[in-house]
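Note sheet for the following structure.
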Amino acid sequence: RDEFLPLMKAYEAEIRRLVPQKVELIHPNGAPPFMVHGFRKEAQIVKAWEKKYKTPIFTAGQNHIRALKALKAKTFVGATYFSGSINKTFADYFTDAGFKVRAMAGIDVPFEKVQELPAEMIYAHIKREFLKAKGGDAIYMLGSGWRTLNIIDTLEQDLGVPVVHPVTARVWEIQKRLDVHEPRSGYGVMLSELP
């Protein structure tokens, strides 16, 4: 938490650097640095930046909320590669956005080792937590650091619910915002159906 809270100045510096390029959209990536501020405070930060820089901006957390809503999810089971109380912070963020979070289950792994986790291990973790929480309308995966694009389809088929993955959700929203319609199969319903 302490590492994430002061990052807004660094994000704003990058936004300020991009604005002169006359971009159509800015997406400061990384969910935790915004989520630790809370759902409402994050919205205030983004609104102030949009007003100041006159450019549409959305965060990863806002993207994940829109993706869950597009899938008509009201409840979900979340998985992260963080451990400890920060997972409650993430759950509270989504609760404040109107969702019922059945679990926000972290894997205890050093951050620099996240990309080394086998996808099969992450799949087993998510399935175990989903069944333990007695399911939900969706599965939510927090964090772009783990290499898990290859398990999305299998999770959806096995557990019968859609998966909101940070990479596929980002691609989905950017396509929506830029009026691009290029579905892709093999990465779950977010990209195959573009809801």
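Note that these values count all heavy atoms, side chains included, but never hydrogens, waters or copies made by symmetry.
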First locate atom CH2 of Trp172, then atom CE of Met190, and finally report the distance between them rounded to the nearest 0.5 Å. 4.5 Å

CZ of Arg16: more than 12 outside heavy atoms within 6.0 angstrom? yes

Would you sort out whether Lys69 and Phe99 count as a side chain to side chain contact (heavy atoms under 4.5 Å, CB included), showing the intermediate values? CA-CA 9 Å; Lys69 287 182 177 181; Phe99 296 96; 3.8 Å; yes

Could you tell me if the side chain of His64 sits less than 4.5 Å from the side chain of Pro166, heavy atoms only? yes

For Thr75 and Gly136, the nearest pair of non-hydrogen atoms, with its separation, is OG1-CA, 3.3 Å

Walk me through whether Gln62 and Phe34 qualify under side chain to side chain contact (heavy atoms under 4.5 Å, CB included). CA-CA 9 Å; Gln62 291 172 326; Phe34 291 93; over 6 Å; no

Please determine which of Phe111, Phe82, Tyr81 meets the ring pair (Phe, Tyr, Trp, His ring centres under 6.0 Å) test together with Trp146. Tyr81

Given the rule in the side chain to side chain contact (heavy atoms under 4.5 Å, CB included) test, do Leu18 and Tyr53 qualify, once you have shown the distances and angles that lead to the verdict? CA-CA 10 Å; Leu18 289 170; Tyr53 297 110; over 6 Å; no

Do the non-hydrogen side-chain atoms of Glu193 and Pro183 ever get within less than 4.5 Å of each other? no

Decide whether Phe94 and Phe58 are clustered together by the hydrophobic rule: side chain heavy atoms of Ile, Leu, Val, Met, Phe, Trp, Tyr closer than 4.5 Å, transitively. no

Any chance you could measure Met141, atom CE, to Thr148, atom OG1, to the nearest 0.5 Å? 3.5 Å

Heavy-atom check, side chain of Asp137 versus side chain of Lys72, under 4.5 Å: no

Side chains of Glu24 and Pro56, heavy atoms from C-beta outward: is any pair under 4.5 Å? no

Report yes or no: do Ile151 and Val164 belong to one cluster of Ile/Leu/Val/Met/Phe/Trp/Tyr joined by side chain heavy-atom distances under 4.5 Å? yes

Work out which heavy atom in Pro162 is nearest to a heavy atom in Leu71; give both atom names and the distance. CB-CD1, 3.7 Å

In short, Thr55 meets Glu50 closest at the heavy-atom pair O-CG, 3.3 Å

To the nearest 0.5 angstrom, please state how far the NE2 atom of His125 sits from the CG atom of Asp108. 10.5 Å

Answer whether the closest heavy-atom distance between the side chains of Thr59 and Met35 falls below 4.5 Å. no

Using the rule given for side chain to side chain contact (heavy atoms under 4.5 Å, CB included), can you reason through Thr95 versus Phe39, listing the C-alpha separation, both sets of side-chain angles and the distance that settles it, and then say yes or no? CA-CA 9 Å; Thr95 299; Phe39 172 69; over 6 Å; no

Linked, directly or transitively: Leu142 and Leu159 (ILVMFWY side chains, under 4.5 Å): yes

Do the non-hydrogen side-chain atoms of Phe76 and Ile139 ever get within less than 4.5 Å of each other? no

Nearest atoms (heavy-atom pairs only) where Ala91 meets Val101: O-CG2, 3.6 Å

Determine whether Tyr123 and Leu131 fall in the same hydrophobic cluster, where Ile, Leu, Val, Met, Phe, Trp and Tyr are linked whenever their side-chain heavy atoms lie under 4.5 Å apart. yes

Euclidean distance, Leu178 CG relative to Ile174 CD1, rounded to 0.5 Å: 7.0 Å

If we ignore hydrogens and angles and just use 3.5 Å, is the side chain of Tyr140 paired with the main-chain N or O of Thr80 as donor and acceptor? no

Distance in Å, Glu12 CD paired with Lys9 NZ, rounded so as to fall on 0.5 Å steps: 9.5 Å

Minimum heavy-atom distance between Val189 and Glu156, given as atom pair plus value: N-OE1, 3.1 Å

Identify which one of Gln175, Lys176, Arg177 satisfies the side chain to side chain donor-acceptor pair (under 3.5 Å) criterion when paired with Glu173. Arg177

Under 4.5 Å between side-chain heavy atoms, counting indirect links through other Ile/Leu/Val/Met/Phe/Trp/Tyr residues: same cluster for Val180 and Leu194 or not? no

Supply the atom-to-atom distance His37 NE2 to Glu42 CD, rounded to the nearest 0.5 angstrom. 9.0 Å

Does atom CD of Glu112 have more than 12 heavy-atom neighbours, drawn from other residues, nucleotides or ligands, at distances under 6.0 Å? yes

For Arg170 versus Asn63, what's the shortest heavy-atom pair and its separation? N-OD1, 3.3 Å

Inspect the surroundings of OH in Tyr187 and state if more than 12 heavy atoms from other residues, nucleotides or ligands are less than 6.0 Å away. no

Answer yes or no: is there a side-chain heavy-atom contact under 4.5 Å between Phe130 and Leu155? no

Derivation and outcome, salt bridge (Lys or Arg N to Asp or Glu O under 4.0 Å), residues Arg17 and Glu14: CA-CA 5 Å; Arg17 189 174 66 80; Glu14 293 302 315; 2.8 Å; yes

Can you check whether Pro28 reaches Ile57 side chain to side chain, under 4.5 Å on heavy atoms? yes

